[in-house]
Amino acid sequence: MKRTPRKLLIALVILALGLIAWHFGLFRAGDCLLQGGSWNMDNGFCRLDSLAQPL
């Protein structure tokens with residue numbers, strides 16, 4: 001029986017973690033936090049506080 005190459009197993013684990021993060025919206029939450037907003041996990045939207053402040 002051939003062993004599965006280690007690189008293939010690592011790629012599958014990274015792919016699985018990426019799919020889990022995509023399913024739970026963690027990429028959008030990360031983008032929101034990097035832009036200085038606050039992420040509402042219940043409704044799934046980003047509130048950019050910098051846009052709400054008057055100039």
Side-chain angles (χ1 to χ4, degrees):
M1 190 164 120
K2 286 182 90 176
R3 289 182 53 193
T4 306
R6 186 177 301 205
K7 290 181 182 180
L8 181 61
L9 290 175
I10 291 171
L12 288 175
V13 168
I14 290 173
L15 179 66
L17 290 175
L19 288 174
I20 291 170
W22 177 74
H23 176 72
F24 287 108
L26 297 180
F27 293 121
R28 291 186 296 156
D31 287 340
C32 177
L33 294 174
L34 285 175
Q35 293 175 8
S38 58
W39 181 254
N40 185 340
M41 190 63 88
D42 295 332
N43 297 326
F45 69 91
C46 179
R47 178 178 174 206
L48 290 175
D49 297 327
S50 61
L51 295 177
Q53 296 173 357
L55 298 174

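Note that the numbering runs from 1 along the sequence shown for the chain.
Scored by the side chain to side chain contact (heavy atoms under 4.5 Å, CB included) test, Ile10 finds Arg6, Ile14 as partners (sequence neighbours excluded). Asn40 pairs by the side chain to side chain contact (heavy atoms under 4.5 Å, CB included) definition with Asp42, Asn43, Phe45, not counting sequence neighbours. In this structure, Ala11 has no side chain to side chain contact (heavy atoms under 4.5 Å, CB included) partners at least two apart in sequence or on a different chain.
Between atom CG of residue Leu26 and atom CG of residue Asp31 there is a gap of 11.0 Å, rounded to the nearest 0.5 Å.
Summarising the geometry of Phe27 relative to Gly18, their closest heavy-atom pair is CE1-O, 3.7 Å, with the distance given to 0.1 Å.
Among residues at least two apart or in separate chains, disulfide (SG to SG under 2.5 Å) pairs with a member in residues 7-39 are Cys32-Cys46.
Cluster note: Val13 groups with Leu17 through ILVMFWY side-chain heavy atoms spaced under 4.5 Å, whether in direct contact or through intervening members.
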